[in-house]
2 protein chains.
Amino acid sequence: MDYLDLKVKFLKGFADRTRLEILESIKDAEKTVLQIVSEIHGNQSNISQHLACLKGCGIVTARQEGKYIYYSLRDEQVRRLLTMFDTVLGDVEQQVASCDKNDQCLCGKSELKCLTKRRIISP
Amino acid sequence: MDYLDLKVKFLKGFADRTRLEILESIKDAEKTVLQIVSEIHGNQSNISQHLACLKGCGIVTARQEGKYIYYSLRDEQVRRLLTMFDTVLGDVEQQVASCDKNDQCLCGKSELKCLTKRRIISP
DNA sequence: CAAACACATTAGTCAATACTAATATATGAA
DNA sequence: TTCATATATTAGTATTGACTAATGTGTTTG
């Protein structure tokens with residue numbers, strides 16, 4: 001696994017709604033799995049899997065205390081990165097939101113492909 | 001599409017090897033599609049699709065000049081973000097690289113699931 | 001206008017990934 | 001030791017996303 005693969009892996013760690021919700025939830029204080037589960041919608045198995053992912057990507061760390069496992073952001077760098085996402089998004093928001101003709105790749109593709117298809121069927 | 005969806009979309013824009021290669025390629029100077037295609041491995045269609053994605057995610061911008069279209073990073077913020085990825089990765093590199101037991105989700109899952117399955121079949 | 005070039009789009013396929021449900025593991029308490 | 005609680009893991013399924021090949025669009029040039 002070369003550096004680029006690593007970078008992709010790290011970035012994919014952030015690129016999911018559930019994981020962003022988890023990060024939001026533990027941004028200011030460490031939480032146990034069940035605390036996270038109850039704060040955001042999720043089911044325990046699903047959240048647990050996402051936490052494993054986040055940990056594997058180096059985004060969060062886990063600390064065991066008795067039967068509880070507390071998850072928190074890995075470090076200040078990660079926190080700063082999360083903050084920076086919001087900063088940059090402020091700029092980009094308009095443009096990204098109005099991107100409603102992108103198909104292919106992830107940029108809202110499937111949702112829009114649906115629309116497209118519907119339009120084809122009944123124009 | 002709410003703010004979180006937007007954020008996910010934006011971040012997914014970065015979370016792909018080919019797109020990172022494209023970004024690397026245009027980091028310091030705008031390039032045409034064919035220039036990018038020849039610099040990195042890719043085929044024209046594929047690169048074109050990734051460029052559409054990057055544009056739709058607000059990561060790059062395009063400027064037409066005659067029959068050429070020049071792509072470049074959207075702005076300084078995006079450039080700074082790219083730089084920051086590398087900074088943070090420096091810290092995380094060791095941990096992410098050694099994450100070789102994560103299955104599920106994206107963290108290198110499939111590759112490793114293979115290993116796991118092979119191990120199960122012939123231990 | 002026709003040919004050549006630069007790029008975008010479409011359709012189809014395959015691989016990657018998120019989710020659910022069920023089960024396993026580990027820890028603390030009765 | 002047994003039960004309950006907290007979390008992890010597995011397996012299976014459905015969705016999403018990347019890639020290729022073919023075709024379409026727009027722009028310049030002869």
Side-chain angles (χ1 to χ4, degrees), chain A residues 5 8-9 11-22 31-38 40-57 60 62-71 101-114 116-117 119-120, chain B residues 5 8-9 11-22 31-38 40-57 60 62-71 101-114 116-117 119-120:
Chain A
D5 288 328
V8 169
K9 178 173 173 176
L11 293 172
K12 280 192 177 174
F14 293 99
D16 174 86
R17 186 181 175 101
T18 303
R19 290 196 291 277
L20 284 183
E21 286 173 353
I22 292 174
K31 301 251 170 76
T32 69
V33 177
L34 283 186
Q35 281 179 316
I36 298 168
V37 166
S38 76
I40 70 188
H41 55 309
N43 95 9
Q44 183 266 321
S45 164
N46 189 16
I47 300 302
S48 213
Q49 288 172 59
H50 280 296
L51 283 168
C53 170
L54 287 166
K55 193 167 103 184
C57 294
V60 309
R63 168 180 86 78
Q64 178 153 15
E65 187 176 315
K67 64 179 171 179
Y68 297 99
I69 297 186
Y70 290 91
Y71 283 90
K101 66 180 276 287
N102 290 85
D103 44 328
Q104 282 309 83
C105 102
L106 18 118
C107 300
K109 166 188 172 190
S110 30
E111 191 181 304
L112 300 158
K113 224 174 188 176
C114 276
T116 307
K117 280 181 177 164
R119 220 178 301 133
I120 287 168
Chain B
D5 288 328
V8 170
K9 179 172 173 177
L11 292 173
K12 280 192 176 175
F14 293 100
D16 175 86
R17 186 181 174 101
T18 303
R19 289 197 291 279
L20 284 182
E21 285 172 354
I22 292 174
K31 301 251 170 76
T32 69
V33 177
L34 284 186
Q35 282 179 317
I36 298 168
V37 166
S38 76
I40 69 189
H41 55 308
N43 96 8
Q44 184 265 321
S45 165
N46 189 16
I47 300 302
S48 214
Q49 288 172 58
H50 280 297
L51 283 168
C53 170
L54 287 166
K55 193 166 105 184
C57 294
V60 308
R63 168 180 86 78
Q64 179 153 13
E65 187 177 314
K67 64 180 171 179
Y68 298 99
I69 297 185
Y70 291 92
Y71 283 90
K101 67 178 277 287
N102 290 86
D103 44 329
Q104 282 309 82
C105 101
L106 19 119
C107 300
K109 165 191 174 189
S110 31
E111 190 181 303
L112 300 157
K113 224 174 187 178
C114 275
T116 307
K117 281 183 176 164
R119 220 180 301 133
I120 288 167

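Each chain gets a letter, A, B and so on, in the order its sequence line appears, and its residues count up from 1.
Nearest to the side chain of B/S45, among C/dT9, D/dT7, C/dT27, sits C/dT9. In the set C/dA8, C/dC19, D/dT5, the nucleotide with an atom closest to the side chain of A/T18 is C/dC19. Among the nucleotides D/dT16, D/dT7, C/dC7, the one closest to the side chain of B/K12 is D/dT16. Candidate nucleotides C/dT27, C/dA18, C/dC5 were compared by shortest atom distance to the side chain of B/K67, and C/dC5 ranks first. Proximity note for A/D16 (side chain, C-beta onward) versus D/dT20, D/dT7, C/dA18: the nearest is C/dA18.
Between A/Y71 and A/I69, the closest side-chain pair of non-hydrogen atoms falls below 4.5 Å. Two residues are said to be in side-chain contact when any heavy atoms from C-beta on lie closer than 4.5 Å; B/V8 and A/L20 meet this criterion.
When heavy atoms are screened at a 4.0 angstrom cut-off, A/Q44 is found touching base atoms of the nucleic acid.
In this structure, B/R19 does not pair ionically with B/E21, as no charged nitrogen and carboxylate oxygen lie closer than 4.0 Å.
Between the side chain of A/Q49 and the main chain of A/L51, no donor-acceptor pair closer than 3.5 Å is present. Using modelled atom types, no side-chain atom of B/Q44 and backbone atom of B/N46 make a donor-acceptor pair closer than 3.5 Å.
Rounding to whole angstrom units, CD1 of residue B/I47 and P of C/dC7 are separated by 12 Å. Protein atom CD of B/Q64 is 9 Å distant from nucleotide atom C1' of C/dC7, rounded to whole Å. The separation between A/H41 atom NE2 and C/dA18 atom P is 13 Å, rounded to whole Å. Rounding to whole angstrom units, OH of residue A/Y70 and C1' of D/dA6 are separated by 11 Å. Here the C1' atom of nucleotide D/dA18 and the CD1 atom of B/I22 are 12 Å apart, to the nearest Å. One can place CD1 of A/I69 at 11 Å from P of C/dG28, the figure rounded to the nearest angstrom. As rounded to whole Å, 13 Å separates atom C1' of D/dT9 from atom NZ of A/K55. Rounded to whole Å, the distance from CG on B/L51 to P on D/dC19 is 12 Å.
Put simply, A/H50 has no side-chain N or O that comes within less than 4.0 Å of OP1 or OP2 on C/dT17. The phosphate of C/dA18 has OP1 or OP2 within less than 4.0 Å of a side-chain N or O from A/R19. Side-chain nitrogen and oxygen atoms of A/Y71 include at least one within less than 4.0 Å of the OP1 or OP2 phosphate oxygen of D/dA8.
Of the two residues near DNA chain C, B/Q35 and A/N43, the one whose nearest nucleotide lies more 5' is B/Q35.
You won't find any donor-acceptor pair under 3.5 Å spanning the side chain of B/Q49 and the base of C/dA8, going by distance alone.
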